[in-house]
Amino acid sequence: MKAQTPRTIQEAEAIQDELRPLLDLTGPGPRRPARVAGVDVAYDGQRLAAAVAVLDGATLEVVEQVTVGGRVAFDYVPGLLAFREVPALLEALGRLTAAPDLIVCDGYGLAHPRRFGLACHLGVLTGLPTIGVGKTAFVGSYPDPAPERGSWTDLTLDGDVVGRVLRTRHGVKPVFVSVGHRVDLDTACHNVLALTPHYRLPETTRVSDRLSRMALIENVTFD
DNA sequence: GCGACAG
DNA sequence: ATCTTGTCGC
C-alpha cells in the first residue's frame, strides 16, 4: 500500500479514520523477533533523511541499514505526524533485502486522539507488526511508575487503556509505549525491555536516529 | 475561548 | 524536529 499525502488537516484526519478499521489489534506479535527494525527521520529545513536500521533481535547487532533522502511534504501538526514521516519511511523500508519481524517507531500508536498514530499508520500500510515508543507525553494521563526498571503504569485516554508508561532504566524518565499493528501491549513492552539493556531508549531508535542524522549531513541522497 | 500538543 | 556549553553522575 502506498502513502497518501493530504492537502489539508481535514483530509488528513479523514484518511486516518479511513485506515483505522484496517488495524489488527489481535496480537500477540513476535516475542523473539529475529529482525527488529528501528525507523526515524531527521530534518534540515525542507530537506529530510529517513533511516531504517535492522538489528538482530537476540544480539542487538545491526544487520542492515537503509537511508533515503527527500523533501517535507506535510508540515508537522500534533496528531498528524505520520503524514510527515511515513512516505519516506515506506521508501526506505521498501529497499530492505528482507522484511523485519517487528518495527519500532519513534512516537505513538494507539495512544492518539483518533487512535491512529504513526505506528498504526506505518503498520497498516506495510502490513508488518509495529509498536510506538514515545520519549515525551502526548495524550492520556498516568501515574508515575515505580523507579525500578520494568515497572509500568497504564496510560489512559477517555477511559481506555491506550498504552503504558514504562521504566526502562532505574530512576530514569520512563518511555511511552503503545501498540501499532499486529502486536499486543504486553508483547510490545516485552520487546522494549529486550531492546533497552542499558539505555532509556530502544537500541533500534538510537541507531536509526544516529543513521538519519548522518545521512542528512552527508547529503547521501537528495531530491 | 485558552492552552497543550508525538517528532 | 531543531537551535546549543558546560556540567553532574555512573
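Only heavy atoms go into these numbers, but all of them, side chains included; no hydrogens, no water, no symmetry mates.
- The shortest heavy-atom contact between A:Gln65 and A:Leu211 is CB-CD2, 3.7 Å.
- At whole-Å resolution of the value, CZ in A:Phe176 and C1' in B:dA6 are 10 Å apart.
- Note on A:Gly132: nothing from the nucleic acid sits closer than 4.0 angstrom, heavy atoms only.
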Filtered N/O pairs between nucleotides 8-10 of chain C and protein, under 3.5 Å:
none

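- Between A:Ile131 and A:Leu102, the closest heavy-atom pair is CG2-CD1, 4.1 Å.
- Counted within 6.0 Å of OH on A:Tyr76, heavy atoms from surrounding residues, nucleotides or ligands total more than 12; the atom is thus considered enclosed.
- Remark: C1' of B:dG7 and CG of A:Leu122 are 14 Å apart, rounded to the nearest angstrom.
- Atom CG in A:Leu118 sits about 16 Å away from atom C1' in B:dC5, given to the nearest Å.
- Heavy atoms from other residues, nucleotides or ligands lying under 6.0 Å from CD of A:Glu64 number more than 12.
- No more than 12 heavy atoms of other residues, nucleotides or ligands shown are found within 6.0 angstrom of CD1 on A:Ile9.
- An aromatic stacking contact links A:Tyr76 with the base of B:dG7, defined here by ring centres under 5.5 Å apart and ring planes under 30° from parallel.
- Contacts between residues 36-43 of chain A and DNA chain C, defined by a heavy-atom separation below 4.0 Å, involve A:Ala42, A:Tyr43, listed by number.
- Backbone-only engagement by A:Ala137 is indicated by non-hydrogen atom pairs under 4.0 Å involving sugar-phosphate atoms exclusively.
- An OP1 or OP2 oxygen of B:dG7 is reached within less than 4.0 angstrom by a side-chain nitrogen or oxygen of A:Thr136.
- In this structure, the CG atom of A:Leu81 is 21 Å from the P atom of B:dA4, given to the nearest Å.
- When heavy atoms are screened at a 4.0 angstrom cut-off, A:Gly117 is found touching base atoms of the nucleic acid.
- Remark: the A:Thr156 side chain and the A:Asp154 side chain contain no N/O donor-acceptor pair separated by less than 3.5 Å.
- Taking atom CG on A:Asp75 and atom P on C:dA1, their separation rounds to 17 Å, with Å as the unit.
- Between A:Tyr108 atom OH and C:dA1 atom P there is a gap of 13 Å when expressed in whole angstrom units.
- What separates CG of A:Leu48 from C1' of C:dT2 is a distance of 14 Å, to the nearest Å.
- Look at CG on A:Asp106: it is 11 Å from P on C:dT2, rounded to the nearest Å.
- Aromatic ring pairs are classed by plane angle as parallel below 30°, tilted from 30° to 60° and perpendicular above 60°; the pair A:His121 and A:Phe116 is tilted.
- Judged by distance alone, the side chains of A:Arg32 and A:His190 do bring a donor and an acceptor atom under 3.5 Å apart.
- Nucleic acid contact for A:Arg213: sugar-phosphate only, since backbone atoms but no base atoms lie under 4.0 Å from a heavy atom of the residue.
- Using modelled atom types, one finds a donor on one side chain and an acceptor on the other under 3.5 Å when comparing A:Arg149 with A:Thr196.
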